[in-house]
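Here the structure is laid out as C-alpha cells; the discussion comes afterwards.
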There are 2 protein chains.
Amino acid sequence: MNHVTMRDVAREAGVSVNTVSRALAGKPDVSPQTRAKVLEVAERLGYRPNKLARGLRSNKTFTLGVIVTDIANPFFAELVKGVEETARKNGYSILLEDTSEDPKKEEKAIQVMLAERVDGLLVTPVQSTRRALEEVLKSGFPFVLMGRYFPDLDAPYVVTDDVQGAIIAVEHLINLGHRKIAHVAGPLHISSAQDRLSGYIKALERHGITVREEYILKEAVTLEDGYRAGKELLQLRPLPSAVFAYSDFVAVGIMQAILEEGFRIPADISLVGYDDILFSAYTKVPLTTIRIPKRTLGSEAVRMLLKSLARKKSLSAKAKRLGVDLVVRDSTGRKGVR
Amino acid sequence: MNHVTMRDVAREAGVSVNTVSRALAGKPDVSPQTRAKVLEVAERLGYRPNKLARGLRSNKTFTLGVIVTDIANPFFAELVKGVEETARKNGYSILLEDTSEDPKKEEKAIQVMLAERVDGLLVTPVQSTRRALEEVLKSGFPFVLMGRYFPDLDAPYVVTDDVQGAIIAVEHLINLGHRKIAHVAGPLHISSAQDRLSGYIKALERHGITVREEYILKEAVTLEDGYRAGKELLQLRPLPSAVFAYSDFVAVGIMQAILEEGFRIPADISLVGYDDILFSAYTKVPLTTIRIPKRTLGSEAVRMLLKSLARKKSLSAKAKRLGVDLVVRDSTGRKGVR
DNA sequence: CTGTTAGCGCCTTCAT
DNA sequence: ATGAAGGCGCTAACAG
C-alpha cells in the first residue's frame, strides 16, 4: 500500500517535483505540453495529493471538525447531513465526534480536533460547562455553534428561533380553546430548552393565562423521560387539557403514557412536540409539532464558518436565527370537543 | 491562532526538540527530571501535537474513514455511533462521508479518504457498482464493509445474518397461520435486500408454501416507496394476509397505506419489518420486527479493521455475521382472528 | 541520557 | 517556463 507521490510523477514525466506541483495546481507558468504530460502521468499512476503534507505546509487542512451531542438522535443526524453536504460541496472534509452530552468528552473532542488541525469547528455544545469553548473563543480559533448558543457569550452561532417556535406552538393550543396547558421542558442548561420554556411562558402571559409552576415539568430529553413526565402529568389536578413538549422525542414518550392510561389524544389531551423529526407523522397519533429546518441549520453553520475562514482570523460574532413552522397533525384539537 | 509546537516547548524547557518528542512519547531514555520539566512546560504552554506532521512522518494518522449511504437514516446513524465510540476508545478519529446511495459520490469519497491518508476504511457500499472497492481491495489498503457485502468478493465484512433474520420473520408469520405472505423487497443490488428475499423464499419453501411472483414487490427503500408498495399490495387477489417488509422504514409506509385503505393491522393484515429502529415501537401499530445490533455492527467493524491494521498489511478476508432477534409487537397476529 | 541530522510530501520563494 | 532550496512539525537513526 504505497501512495504515489509527486516525486514519482516527476520522475516518470521527466520533470522536477516543482513543475508537477505547479502543473497540478493549475498555475499559469507551465507550458501546455508539460502540463498535459504531467496530468497524464499523474492520472496513469493514480496520484492523489497527500493532504497531510499539504496541510502541514499550507496550514490549511480543508477539514472541519464537527462535534455533536448524539449522532444517533435523528435530529442531529439530519443536522450532520446538512453539514456534510455543504462542507463537501465546498471541498471540505469533516471529522466527526460524538459527546453523548458529556462535557468531559466535549473538552477532549475539542482538543483532538485542534490537534488534527481542522480549519474550523462546528459544535453543538453540551452547555453544562462552557470553559472549553470560552478558551477556544479567546484563542481566536474559528468556530460556529449549532442549534444551541450562550446568550451572554460573544460567539457565532446558527440556531432556530425557539422562543418564537414555542409561542407559535402554545398559541396554536390557546387558539383551540386550551387554557390549562402544561409544558414538559428539557434540561434548562440547554439554550433551546430555556428558550422554549420562555416562549411557553410568554405566550401564556400574552393571553392573560396564569403560569402555574406545577404545570412545568423539567429536564426531559429521552423518550423515557417523556414517558415518566407523561405519567406525572396525569396526576395533576386540575388535569391539563394540553401539553407542549420540549421535543418530539419527549412528546412521543408523553403520548405513550397518556394513551396507556386510557386518555385520548386529542379528545382528552392535546399534544404538541418540537423538531418534526422523521417519524412524527407516523406515531400512534400523528404529532402536531414545530418544524425546524435541520439540514439548513447545518448548511448555514458551514456557510458562516467558511465565510469567517475566508476573511481570515476575524470571526466577528455573527448570529443567525432561522424561522420555524407549525405543522398541524392529529394530536391537537379543539378543547372539549370529543 | 498560532499553535504551540515542540520547538516552543523545547526552547522554554531548555532542551532539544528531540528530547521533547521522546519525553512526550514516553520513551524510556529520558531522565525523570527532564521528562517532568518537559511535561510541565508542554502543559503550561498548551502544547497539542500536530497530527498532520506526525502522520506525515510516521505514516499513521490514527484516523479512520467512514463512508455511509445516508447518515440521516436512523439505522446508519446508530451504526456510526457504534463506530465512533469504538474508534475513539482506541484513539482513532473518524472522517465521515455520506454518499446518498450515489456510486459516483462513493468513488469520490474513497479518493478523498485516501488523500487524507486515513489508516483504514469502513464502508457501507452502495453496491450499484463495485469497481472502486475492487481497486481498493487490490491495492491492499485496509478496509471493512459494514452491513452489506459482496458475496463473491474476497473482502472483509461485518454484517448481520439477513437470510436467517428473514426466515425468522416469515416463520413467525407462518406459525401464526399465515400462508398468503407477501414481501416488499429492497433494491436487489444491495446484499441485505437480496438476503432477506432469499430468506423469505427459503422459509416459504421449507413450509411447502408456493412462492408467488406477484407477491414479491421490489426496490423499496424509502417510506414513500413502502407507501406505494402498500397500495399495490392491496390490489392483489387473493389479498395477502401478511406482509414482510425489507425494512422498518418501508414497513411504516406500508402500514400507512393499509390503514388508510381501511384495513386493520393485524386483524386483516399482519406486518413485519426489519431493523428495529428507534421508532418502531411507537408507530400507529407498534411494529413486529427483526432487531439487528446496529451499534455492535459498527464496533465490530472497527475492531476487525484495527486488528488488520495491527498485524500490518495482511488483511485476510475475515467475515463476521451477527445474529438477530425477533421482536414481537402488535403488528402481527394469528390469521383470521379479529 | 541528550542532541544533531535527515526526511516524510508538499508548496513557496528565488534563481535560472 | 522550469529547477533548486528551504521549511512546515514531527520522529527515527545515529552520534556523542
Side-chain angles (χ1 to χ4, degrees), chain A residues 1-39 41-42 45-63 91 111-119, chain B residues 1-39 41-42 45-63 91 111-119:
Chain A
M1 192 49 229
N2 279 317
H3 291 283
V4 178
T5 75
M6 278 195 177
R7 243 207 345 239
D8 302 327
V9 177
R11 189 169 350 169
E12 182 78 9
V15 297
S16 78
V17 170
N18 190 331
T19 303
V20 174
S21 176
R22 352 185 28 92
L24 260 29
K27 292 286 171 74
D29 45 1
V30 178
S31 79
Q33 306 93 295
T34 311
R35 163 162 297 136
K37 175 73 179 167
V38 168
L39 289 177
V41 173
L45 264 44
Y47 169 77
R48 295 290 141 201
N50 183 327
K51 280 219 195 185
L52 299 180
R54 187 174 280 180
L56 184 59
R57 179 65 242 240
S58 61
N59 250 323
K60 293 259 316 157
T61 54
F62 289 96
T63 98
Q111 298 305 344
V112 172
M113 294 292 192
L114 294 182
E116 304 259 11
R117 298 302 190 264
V118 295
D119 291 341
Chain B
M1 191 51 228
N2 278 317
H3 291 281
V4 178
T5 76
M6 278 193 175
R7 243 208 343 239
D8 301 327
V9 177
R11 188 169 351 168
E12 181 78 10
V15 296
S16 77
V17 170
N18 190 321
T19 303
V20 173
S21 175
R22 350 185 31 92
L24 259 29
K27 292 285 172 75
D29 45 2
V30 179
S31 78
Q33 305 93 296
T34 310
R35 162 162 297 134
K37 176 72 178 167
V38 167
L39 290 176
V41 173
L45 266 43
Y47 169 77
R48 295 292 141 200
N50 183 328
K51 280 219 196 185
L52 298 179
R54 185 176 282 179
L56 183 60
R57 180 65 241 232
S58 62
N59 249 323
K60 293 259 317 159
T61 54
F62 288 96
T63 98
Q111 298 306 344
V112 172
M113 294 292 191
L114 294 181
E116 303 259 12
R117 297 304 191 263
V118 295
D119 290 341

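Sequence lines set the chain letters: A, B, ... in the order given, protein chains first and strands last, and positions in each chain run from 1. All values derive from a computational prediction rather than experimental measurement.
Nucleic acid contact class of A:D29 (heavy atoms, under 4.0 Å, all strands): base. Heavy atoms of B:T5 sit under 4.0 angstrom from primed sugar atoms or phosphate atoms, though from no base atom.
Atom C1' of nucleotide D:dA1 and atom NZ of A:K37 are separated by 18 Å, given to the nearest angstrom. Computed from coordinates, the B:R54 CZ to D:dA12 C1' distance equals 14 Å when rounded to whole Å. Following rounding to the nearest Å, A:F62 (CZ) and C:dC11 (P) show an atom-to-atom distance of 11 Å. Straight-line distance from the CG atom of A:N50 to the C1' atom of D:dC10: 14 Å, rounded to whole Å. Across the protein-nucleic acid pair, A:K60 atom NZ and C:dC10 atom C1' stand 16 Å apart, rounded to whole Å. Atom NZ of B:K51 is separated from atom C1' of D:dC8 by 19 Å (rounded to the nearest Å). The interatomic distance linking A:L114 (CG) with D:dG9 (C1') rounds to 16 Å, in whole Å. Rounding to whole angstrom units, CZ of residue A:R117 and P of C:dC10 are separated by 20 Å.
Nearest to the side chain of A:Y47, among C:dC10, D:dC10, D:dT2, sits C:dC10. Between D:dG9, D:dC10, D:dA1, one nucleotide has an atom nearer to the side chain of B:L56 than all others, and that is D:dG9.
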* Apply side chain to side chain contact (heavy atoms under 4.5 Å, CB included) to the pair B:Y47 and B:V20, showing each step before the final yes or no. => CA-CA 11 Å; B:Y47 169 77; B:V20 173; 5.8 Å; no

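Applying the salt bridge (Lys or Arg N to Asp or Glu O under 4.0 Å) test to every pair with at least one member in residues 46-57 of chain A, sequence neighbours left out, gives these pairs: A:K51-B:E116.
Each of B:S31 and B:N59 was assigned the nucleotide of DNA chain C with the nearest heavy atom; the assignment lying further toward the 5' end belongs to B:S31.
Residues passing the side-chain contact (heavy atoms from CB on, under 4.5 Å) test with B:L52, sequence neighbours excluded: A:L52, A:T61, A:R117, B:N50. For B:K60, the side-chain contact (heavy atoms from CB on, under 4.5 Å) partners two or more places apart in sequence, or in a different chain, are B:S58, B:F62, B:Y92, B:D119. Judged as a side chain to side chain donor-acceptor pair (under 3.5 Å), and not counting sequence neighbours, A:S21 has no contacts. Under the rule for a salt bridge (Lys or Arg N to Asp or Glu O under 4.0 Å), A:R35 has no partner lying at least two apart in sequence or in another chain.
A:S58 has no side-chain polar atom (N or O) that falls below the 4.0 Å cut-off from OP1 or OP2 of D:dC8.
A donor and an acceptor atom sit less than 3.5 Å apart, one in the side chain of A:R57 and one in the base of C:dC11.
At a threshold of 4.5 Å between non-hydrogen side-chain atoms, the residues B:R11 and B:R7 count as touching.
Of the residues in residues 15-28 of chain B, those placing a heavy atom less than 4.0 Å from an atom of DNA chain D are B:V17, B:N18, B:S21, B:K27, in numerical order.
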